[in-house]
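To start, the structure under review is shown below, and the notes come after it.
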Amino acid sequence: MSDHEQQSDRGRGKVLEALARAERKVFTRPAPKSAKARMKFLRTREGGSNAAVAERRGTSRRTVERYLAGKLTKPQKRLQAALVEETASEWQPQVRAQARAQASTSSGMSVDVTAFGFTRTGSSDSRERQITTDISPFYVKQILVLQEAGAMDEELHPVVAEAITEWGTRADGLRADFTAVSKIDFRF
């Protein structure tokens, strides 16, 4: 595994994964499933260059050609994970962009979070809570800008926490300083 892959695995936390899942839910067509279909899609995204696909995935040009011809059908774990990740990240960019634009300008997003670090004003008793609420477009835009800038989960926690406590929670005086996120889901 390359240094870049190790860094992206370490930095990809629950908030970033939840944002990726939310984007996948707005797709209008399913992403390619077979190795051949994924290679074909990624080759199209690379402008038809087998060499560019091979270089990006850390394989040989001939290996890419074998998958495209159907001679190889079951990639090794590392290549399979890369194919799944890259196909999902590049699938239907216009649909993804429309959902992001709408969420950051008019509709906002919904978040369902279970995290440790919620306190009430005047109390030092921090505890785990499960909260489902809407996030205003103002905070959605901040979250999406940070995501696009390559922010890590720890950098997104304060923005998500502030968004949760500012927008529609029943508990007045609730303050969130996430120390551990157990579960989080976003919906556009």
Side-chain angles (χ1 to χ4, degrees), residues 1-28 31-32 38 41-42 44-47 49 52-53 55-58 78-118 129 131-169 174-188:
M1 190 181 288
S2 71
D3 290 337
H4 175 70
E5 290 169 344
Q6 288 175 347
Q7 287 175 351
S8 66
D9 284 350
R10 267 187 264 128
R12 189 119 176 136
K14 292 181 180 178
V15 175
L16 293 171
E17 284 295 326
L19 287 168
R21 279 193 312 271
E23 287 180 342
R24 284 193 295 268
K25 288 178 186 175
V26 300
F27 291 161
T28 58
R38 286 181 175 139
F41 168 73
L42 293 171
T44 302
R45 298 293 291 173
E46 291 287 346
S49 170
V53 173
E55 183 179 327
R56 189 166 168 187
R57 267 118 234 97
R78 185 181 62 83
L79 180 58
Q80 176 68 19
L83 288 173
V84 168
E85 176 68 27
E86 289 187 42
T87 302
S89 70
E90 294 191 22
W91 187 247
Q92 293 193 325
Q94 292 175 336
V95 172
R96 179 182 288 122
Q98 286 174 343
R100 293 168 71 93
Q102 184 177 2
S104 63
T105 57
S106 60
S107 66
M109 275 190 334
S110 178
V111 65
D112 179 16
V113 64
T114 303
F116 188 81
F118 290 96
R129 293 181 192 231
I131 294 181
T132 302
T133 189
D134 293 327
I135 298 177
S136 73
F138 173 77
Y139 288 108
V140 172
K141 188 172 187 172
Q142 286 183 0
I143 291 167
L144 295 177
V145 165
L146 284 171
Q147 179 194 24
E148 288 173 3
M152 302 294 208
D153 244 27
E154 294 77 27
E155 297 166 294
L156 290 167
H157 283 180
V159 178
V160 174
E162 187 177 338
I164 289 170
T165 57
E166 291 289 322
W167 186 264
T169 58
L174 182 67
R175 193 172 55 101
D177 297 316
F178 293 158
T179 53
V181 176
S182 302
K183 180 187 90 128
I184 187 165
D185 284 309
F186 290 100
R187 286 176 299 286
F188 283 103

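Basis for what follows: all heavy atoms, side chains included, without hydrogens, waters or symmetry-related copies.
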*Thr87 (side chain) donor-acceptor with Val84 (main chain) under 3.5 angstrom*: no
*Does the pair Arg100 and Glu23 meet the rule for a salt bridge (charged side-chain N to carboxylate O under 4.0 Å, His left out), with working shown?*
CA-CA 8 Å; Arg100 293 168 71 93; Glu23 287 180 342; 2.3 Å; yes
*side-chain hydrogen bond (donor to acceptor under 3.5 Å, both in side chains) partners of Glu55, counting only residues at least two apart*: none
_Side chain to side chain, Arg57 and Glu86, heavy atoms closer than 4.5 Å_ = yes
*Check: Val181 and Asp153 side chains under 4.5 Å, non-hydrogen atoms*: no
_Working to the nearest 0.5 angstrom, can you tell me the gap between Glu162 CD and Ile143 CD1?_
10.0 Å
*asked:* Measuring only between side-chain heavy atoms, which start at C-beta, is Trp91 closer than 4.5 Å to Arg24?
replied: no
*asked:* Give me the atom names and distance for the closest heavy-atom approach of Glu155 to Met152.
replied: OE1-N, 2.6 Å
*Quick one: pull up OG1 in Thr28 and CD in Gln92 and give me the separation to the nearest 0.5 Å.*
3.5 Å
_Please report the interatomic distance CD(Gln98) to CD(Gln102), rounded to the nearest 0.5 Å._
8.5 Å
*asked:* To the closest 0.5 Å, what do you measure between OG (Ser89) and CZ (Arg96)?
replied: 6.5 Å
*Separation of Arg38 CZ from Glu90 CD (nearest 0.5 Å)*: 13.0 Å
*Considering all heavy atoms of both residues, which atom of Pro137 and which atom of Gly108 are nearest to each other, and what is their separation?*
CG-N, 3.8 Å
_So for atom CD, which belongs to Glu148, do other residues, nucleotides or ligands contribute more than 12 heavy atoms lying within a distance under 6.0 Å?_
yes
_Member of Val113, Val140, Asp112, Ile135 meeting the side chain to side chain contact (heavy atoms under 4.5 Å, CB included) criterion with Phe186_ = Ile135
*List the atom of Ala103, the atom of Met109, and the distance in Å for their closest heavy-atom pair.*
CB-CG, 4.0 Å
*Check Ala99 against Phe188 and note the closest heavy-atom contact, atom names and distance.*
O-CD2, 3.7 Å
*How many angstroms lie between CG in Leu19 and NZ in Lys14, if you round to the nearest 0.5 Å?*
14.5 Å
*Which atom pair, heavy atoms only, marks the closest approach of Ile184 to Arg21?*
O-NH2, 2.8 Å
*Run the numbers on Arg45 and Val53 for side chain to side chain contact (heavy atoms under 4.5 Å, CB included), then give the verdict.*
CA-CA 9 Å; Arg45 298 293 291 173; Val53 173; over 6 Å; no
_Minimum heavy-atom separation for Leu144 and Ser104, please, with both atom names._
CD1-CB, 4.3 Å
